[in-house]
Amino acid sequence: MTKTLVVVGAGPGLGMGVARAFGGQGFRVGLVARNAGALAAMTGELTGLGVRAAAFPADIRDRDALTAALTAAEHELGPIDVLEYSPSPTGPITSAGRTTAESAAAQFELHVLGAVTAVNHVLPAMRARNAGTVLLTTGVSSTVPAPFLANVGLAMAALRNWAHALHVELRPEGVHVATVTIASGVVPGGGEADPDAIGARYYRLHRNPDQAEEVVGDVDAFRTMVSGWSPTDLPAHPGAEAAR
């Protein structure tokens, strides 16, 4: 039976790598993001590869719009078997000392509350079927505190924590929840950082329900960079938190 993947926060890099990986395995693919024009181009590419794909424009921060997009995906493509959540950070990225309630809330709204909304939508059906996969993407700041990515790290650390808790709670019910930590750039032709190479790792993670986390890139190298950083340095924004 053909299954359905929905990528929330789909972009031309990581999101399309995941879409191509699952589409190549026979999955129908739904893409959710704000930019309808970009979604049309991505679905056109997937269709050209022989993948049944459809776009569902929505602002992830609008919970009603996100829920409506997921409902529309189910109506057009069938039950969601795999949900992948990977919006790229938007809005100001603040240092630790300059993080405000507003800048923290903006990232929390996107990365955590959007994920909670999406997961809560698909989870009842997955639990009823005793089957389903949820893959929640974070950046390396979810595991390594980085002063120049403080408000993003706050949100991503929370998302990673929740994903691991869900893994433990839902595994006995046949629902696989895992997190992917991106600790590298997403670079076409970049070896393990190539979108298709990363997408293949998402598919393998989906196929391994005992695995709670996949890490792409070198976390220790990022940790070393952070340890040598000082407030006088220009705040490097590593590819791990770049547009997906």
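What's counted below: heavy atoms across the whole structure, side chains too, no hydrogens, waters or symmetry copies.
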Side-chain donor-acceptor contact under 3.5 Å, T99 with N151: no
Using a distance-only test with no angle check, is there a side-chain donor-acceptor pair under 3.5 angstrom linking E74 and H121? yes
With side chains defined as the heavy atoms from C-beta onward, is the minimum distance between V177 and E169 less than 4.5 Å? no
Close side-chain approach of K3 to P79, heavy-atom, < 4.5 Å: no
Show your working on side chain to side chain contact (heavy atoms under 4.5 Å, CB included) between T4 and V82 and close with a plain yes or no. CA-CA 6 Å; T4 297; V82 180; over 6 Å; no
Can you find a side-chain donor-acceptor pair between E84 and S86 that sits under 3.5 Å? yes
Close side-chain approach of L159 and T179, heavy atoms under 4.5 Å: no
CG/D59 to CG/L110 distance, rounded to the nearest 0.5 angstrom? 8.5 Å
Is there a path of hydrophobic side-chain contacts, each under 4.5 Å between heavy atoms, that joins V134 and L77? yes
For R223 and V219: C-alpha separation, side-chain torsions, deciding distance, then whether side chain to side chain contact (heavy atoms under 4.5 Å, CB included) applies. CA-CA 6 Å; R223 185 176 288 111; V219 174; 3.8 Å; yes
Minimum heavy-atom distance H176-A178, with the two atoms named: NE2-CB, 3.7 Å
Does any part of the side chain of V112, heavy atoms only, come nearer than 4.5 Å to the side chain of W162, both counted from C-beta? no
Measure the shortest side-chain to side-chain distance between V8 and L66 over non-hydrogen atoms and say whether it is less than 4.5 angstrom. yes
Would you say T2 and F27 make side-chain contact, with heavy atoms under 4.5 Å? no
Between CG of N130 and CD of E173, what distance do you get to the nearest 0.5 Å? 7.5 Å
If two hydrophobic side chains count as joined below 4.5 Å and joins carry through other members, does I182 share a cluster with L135? yes
Using only heavy-atom distances, determine whether the side chains of T181 and E213 contain a donor-acceptor pair under 3.5 Å. yes
According to a hydrophobic-cluster definition based on side-chain heavy atoms being under 4.5 Å apart (Ile, Leu, Val, Met, Phe, Trp, Tyr only), do L136 and Y203 belong together? no
Keeping Q107 on the side-chain end and T90 on the backbone end, is there a donor-acceptor pair under 3.5 Å? yes
Side-chain heavy atoms of P87 within contact of H111, under 4.5 Å: yes
Are L39 and F56 connected in a single hydrophobic cluster, I mean Ile/Leu/Val/Met/Phe/Trp/Tyr linked by side-chain heavy atoms less than 4.5 Å apart? no
Quick check: are there more than 12 heavy atoms from other residues, nucleotides or ligands sitting under 6.0 Å from CZ of R129? yes
Do L31 and V180 land in one hydrophobic cluster if side-chain heavy atoms of ILVMFWY residues count as linked below 4.5 Å? yes
Can you check side chain to side chain contact (heavy atoms under 4.5 Å, CB included) on E192 and I198, steps first, answer last? CA-CA 7 Å; E192 76 163 7; I198 295 174; over 6 Å; no
I'd like to check V29 versus R52 (side-chain heavy atoms, cut-off strictly below 4.5 Å). Are they in contact? no
To the closest 0.5 Å, what do you measure between CZ (R63) and CD (E109)? 4.5 Å
Quick one: do V226 and F148 satisfy side chain to side chain contact (heavy atoms under 4.5 Å, CB included)? Show the steps, please. CA-CA 9 Å; V226 171; F148 46 84; 4.1 Å; yes
Under 3.5 Å, side chain of R20 to main-chain N/O of L49, donor-acceptor pair present? no
F22/H206 aromatic ring centres below 6.0 Å: yes
